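Worth saying up front: this structure is predicted, and the values here are computed from it rather than measured. When a ligand or atom number is given, it counts from 1 through the structure's own listing order. Basis for what follows: all heavy atoms, side chains included, without hydrogens, waters or symmetry-related copies.
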Amino acid sequence: MNSPKLLFVFGTRPECIKLAPLIVEAKKRLLQIETCFTGQHLEMAQPILDYFKIIPDYSLNIMKKDQTLNDISKALYEKLQPILLNSQPDYVLVQGDTTTAATAATIAFNEKIKVAHIEAGLRTHNLHSPWPEEFNRRVIALAADLHFTPTEKATLQLTKEGIPTDKIHTVGNTGIDALRLVNEKSVSISKTHDKFKILVTLHRRENFGNEMISLMQGLKVLCEQNPKIEITWPLHQNPNVRKSFDHVFTQRLVNLKIIEPLNYFDFIQAMKQTDLIVTDSGGIQEEAPFLGKPVLVCRKDTERTESVDCGSARMIGTDAAELIRTVQELSLKNSVYEKMAQKRTPYGDGYSAKKIIDIFCK
Ligand code: UD1
Ligand code: UDP
C-alpha cells in the first residue's frame with residue numbers, strides 16, 4: 001500500500017519540540033509530508049524549527065500580543081482551512097492540547113479529513129485545570145481517527161472513553177525522542193555542594209493572577225532567606241506572567257537570575273546543570289525524570305501522574321508556604337533529594353517517532 005500523505009500542524013514551543021522528531025523521521029523514510037506552522041508562538045518556537053532544520057511549507061503568522069483563546073481560533077479558521085483544502089492530506093497530525101491543535105483537529109473533522117493525535121489520552125478529569133487544555137484534549141479525541149498515546153495509562157483512559165483499541169497505539173512520548181537527540185550533544189555537570197540551584201518556569205493560564213503571584217512570593221522568600229539558593233528563571237513571554245513578576249519582584253535579588261526563554265538546546269543544558277526544577281510546565285514534567293532531576297509541579301492537577309508515581313515529581317499546588325517548605329526539605333535532606341533524583345523513563349525510551357511512522361507505513 002502507498003503510504004498516506006501527512007500534514008503536520010503546529011504552533012507553540014512544545015508542539016514544535018514534540019513533532020520535530022516525527023517530521024525528521026518521516027522525511028528520512030521519504031513519506032509524502034507537508035508542514036504548517038501556525039505561528040501561535042513566534043520567537044519561542046522558531047529556534048526549534050531552525051535547530052531541527054524544518055522549513056514549514058505554510059507559515060500563518062497568527063500571533064498577537066496578549067492574544068485570547070478566541071483570537072487564536074478565529075485566525076486559524078480564516079487561515080488554516082484553505083490550507084487543508086489545498087493540501088488535501090490523508091491525515092492531519094496534531095500534538096497535545098493547544099488551541100492550535102484543537103482548532104486544527106476541528107477544521108479537519110469538518111472537512112472530513114482524518115486526524116491523528118500525538119500524545120493522546122492525557123486527562124486530569126477537571127475541565128478547568130489545566131485550562132483550556134483539558135477541554136482541547138477531549139475535543140481532539142472526539143475528532144481523531146488515530147490516537148498515539150505516551151503510556152499504558154493514557155491508552156486505558158481512551159479505551160474507557162469507548163475508542164476502539166485498534167485505533168490506539170501506545171508509543172511513548174516523542175518529546176523524549178527530541179530530548180534524547182539533544183541530550184546526546186550536551187554535557188552533564190555533577191551536583192555542587194556550596195549552592196542549591198533551582199531552575200524555574202511558570203506560564204499556566206489557570207494560574208494567572210493570585211496563584212502565580214503566590215508562587216512568585218514563595219520564590220522571593222526563598223531567595224531572601226537562603227543565600228545558598230540560586231535561581232535561574234527563563235521568563236515566559238506571555239505578558240500576564242511578566243505583569244505578575246513585576247508586581248512581586250520590585251527589587252533586584254543577587255541570587256535570582258532572570259533571563260529570556262532559552263532555546264531548546266540551552267534549556268536542556270540548564271536542566272542538566274540544576275539541582276531542582278520548579279515548574280507548571282507539562283513537557284518539563286516529562287523531561288525531568290529522563291534527566292534524573294527532581295521536579296516540583298506548581299499546579300493543583302496534573303495529567304502527567306506517571307512522573308509523580310515513579311518518584312521524580314511532587315505536586316505542590318500554588319501555595320507559597322508549601323513551595324518554601326518543600327524546597328527547604330529537598331535542599332537540606334540529601335536522602336529525600338537523592339530518592340527523587342534518579343533517572344527514570346516513564347514516557348518511553350526516546351524512539352517513539354519511529355514507532356508512529358512504522359504504523360503509517362503499514
Ligand atoms: C500556549 C498553550 C499552552 C502551552 C504553552 C507553551 C494554548 C491555549 N496554550 O500557552 O498549552 O503550554 O503555549 O508555552 O494553546 N508570546 C510571545 N512570543 C512567543 C510566544 C508567546 O510574545 O513566542 C506572548 C504573546 O503576547 C502571546 C502570549 O505570549 O499573545 C500568549 O501566548 P499563547 O500561545 O496564547 O498562550 P500561552 O500561555 O503561551
Ligand atoms: N523549554 C525551552 N526553553 C525554555 C523553557 C522551556 O526550550 O526557556 C522547553 C522545555 O524543555 C519543554 C518545552 O519547552 O520541552 C515545554 O514548553 P512549555 O513549558 O512552554 O509548555 P508545556 O509543556 O507546558 O505545554
Side-chain angles (χ1 to χ4, degrees), residues 10-21 37-49 51 61-73 75-76 94-104 119 122 129-137 139-140 173-183 186 199-208 212 232-243 258-272 274 277-288 290-291 293 295 297-299 302-304 307 347:
F10 42 89
T12 64
R13 171 169 69 189
E15 291 165 272
C16 295
I17 292 169
K18 290 173 169 178
L19 284 182
F37 176 42
T38 67
Q40 179 177 335
H41 284 178
L42 291 178
E43 311 90 310
M44 284 169 45
Q46 188 59 46
I48 299 143
L49 303 182
Y51 184 85
N61 207 19
I62 63 163
M63 196 191 88
K64 293 203 298 197
K65 190 167 183 279
D66 202 8
Q67 58 205 359
T68 66
L69 301 175
N70 286 329
D71 288 335
I72 305 168
S73 299
L76 290 175
V94 296
Q95 199 286 326
D97 51 21
T98 67
T99 300
T100 284
T103 313
E119 198 185 79
L122 274 61
S129 171
W131 175 81
E133 287 79 2
E134 178 77 1
F135 173 82
N136 287 346
R137 292 174 194 139
V139 167
I140 299 169
N173 198 309
T174 55
I176 304 300
D177 294 39
L179 179 55
R180 179 181 57 77
L181 293 170
V182 168
N183 188 36
S186 66
L199 181 65
V200 175
T201 79
L202 294 172
H203 77 278
R204 297 283 342 134
R205 278 178 185 260
E206 68 276 6
N207 286 347
F208 288 166
M212 193 158 288
T232 302
W233 186 347
L235 211 54
H236 198 279
Q237 277 177 328
N238 194 311
N240 294 286
V241 176
R242 295 186 173 213
K243 201 164 88 188
I258 297 299
I259 52 177
E260 286 301 316
L262 290 167
N263 72 52
Y264 181 52
F265 184 87
D266 290 345
F267 189 74
I268 300 305
Q269 195 66 39
M271 278 202 279
K272 289 170 82 167
T274 200
I277 300 169
V278 172
T279 190
D280 58 10
S281 161
I284 296 169
Q285 291 177 58
E286 295 155 353
E287 292 163 343
F290 187 87
L291 297 173
K293 297 294 172 181
V295 59
V297 182
C298 306
R299 289 184 182 194
T302 186
E303 57 294 277
R304 274 97 174 170
S307 303
Y347 303 100

[X] heavy atoms, cut-off 4.0 Å: which ligand 1 atoms fall inside?
X: His203; value: 4 (C), 5 (C), 6 (C), 12 (O), 14 (O)
X: Pro132; value: 8 (C)
X: Ile72; value: 35 (O)
X: Leu69; value: 8 (C)
X: Arg205; value: 33 (P), 35 (O), 36 (O), 38 (O)
X: Asp66; value: 25 (C), 26 (O), 27 (C), 30 (O)
X: Met44; value: 19 (C), 20 (C), 23 (O)
X: Leu42; value: 19 (C), 23 (O)

What I'd like to find out is whether the side chain of [X] reaches to under 4.5 Å of the side chain of [Y], using heavy atoms alone.
X: Val94; Y: Ile140; answer: yes
X: Lys18; Y: Glu286; answer: yes
X: Leu19; Y: Thr174; answer: no
X: Leu76; Y: Gln40; answer: no
X: Glu287; Y: Val295; answer: no

### Task
Take Glu43 and Gln46, measure what side-chain contact (heavy atoms from CB on, under 4.5 Å) needs, and give me the verdict at the end.
CA-CA 6 Å; Glu43 311 90 310; Gln46 188 59 46; over 6 Å; no

### Residue selection (non-hydrogen contact nearest atom 14 (O) of ligand 1) among Gln237, His236, Gln67, Gln40
His236

Would you check the N or O atoms of [X], main chain and side chain alike, for any that come under 3.5 Å of an N or O of ligand 1?
X: Lys64; answer: yes
X: Asn238; answer: yes
X: Glu43; answer: yes

For [atom], find the nearest protein heavy atom and state the residue, atom name and distance (0.1 Å precision).
atom: atom 3 (C) of ligand 1; result: Glu133 OE2, 3.1 Å
atom: atom 25 (O) of ligand 2; result: Pro14 CG, 3.4 Å
atom: atom 39 (O) of ligand 1; result: His41 NE2, 2.9 Å
atom: atom 20 (O) of ligand 2; result: Arg13 NH2, 2.8 Å
atom: atom 8 (C) of ligand 1; result: Thr99 OG1, 3.1 Å

Between [X] and ligand 1, which part of the residue brings a heavy atom under 4.0 Å of the ligand: side chain, backbone, both or neither?
X: Ala45; result: neither
X: Met63; result: side chain
X: Pro14; result: side chain

Residue [X] vicinity, atoms of ligand 2 by number, heavy atom under 4.0 Å:
X: Pro234; answer: 8 (O)
X: Tyr264; answer: 7 (O), 11 (O), 15 (O)
X: Gly282; answer: 22 (P), 23 (O), 24 (O)
X: Gly283; answer: 22 (P), 23 (O)
X: Glu287; answer: 10 (C), 11 (O), 12 (C), 15 (O)
X: Leu262; answer: 2 (C), 3 (N), 4 (C), 7 (O), 8 (O)
X: Ser281; answer: 16 (C), 18 (P), 19 (O), 22 (P), 23 (O), 24 (O)
X: Ile17; answer: 9 (C), 13 (C), 14 (O), 15 (O)

When you measure from the side chain of [X] to the backbone N and O of [Y], does any donor-acceptor pair fall under 3.5 Å?
X: Asp97; Y: Pro130; value: no
X: Thr274; Y: Leu199; value: yes
X: Thr38; Y: Thr100; value: no

### Task
Measure the acute angle between the ring planes of His236 and His41, then classify it against the limits of 30° and 60° as parallel, tilted or perpendicular.
perpendicular

### Task
Identify the heavy atoms of Ile48 and Tyr264 that sit nearest to each other, and give their distance.
CG1-CB, 4.1 Å

#### Entry: Closest contact, heavy atoms only, Gly282 versus Arg299
N-NH2, 3.5 Å

### Query
For Phe135 and Thr99, what are the C-alpha separation, side-chain angles and deciding distance, and is it a side-chain contact (heavy atoms from CB on, under 4.5 Å)?
CA-CA 10 Å; Phe135 173 82; Thr99 300; over 6 Å; no

### Value rounded to 0.5 Å, distance of CG in Leu42 from CG in Asn61
5.5 Å

### Query
Is the closest heavy-atom distance from Arg204 to ligand 1 below 4.0 Å?
yes

### Query
Out of curiosity, is Pro239 lining ligand 1, as in a heavy atom under 4.0 Å away?
yes

### Task
For the pair Asn263 and Tyr51, evaluate side-chain contact (heavy atoms from CB on, under 4.5 Å) and give the outcome as yes or no after the intermediate values.
CA-CA 9 Å; Asn263 72 52; Tyr51 184 85; over 6 Å; no

### Message
Please determine whether side-chain contact (heavy atoms from CB on, under 4.5 Å) holds for the pair Leu179 and Leu291, giving the CA-CA distance in whole Å, both sets of side-chain angles, and the decisive distance to 0.1 Å.
### Response
CA-CA 9 Å; Leu179 179 55; Leu291 297 173; 4.3 Å; yes

### Query
With sequence neighbours excluded, what pairs up with Lys65 under the salt bridge (Lys or Arg N to Asp or Glu O under 4.0 Å) test?
none

### Message
Is a donor from one side chain sitting under 3.5 angstrom from an acceptor on the other, for Ser73 and Asn70?
### Response
no

### Task
Answer with side chain, backbone, both or neither: which part of His203 has a heavy atom less than 4.0 angstrom from an atom of ligand 2?
side chain

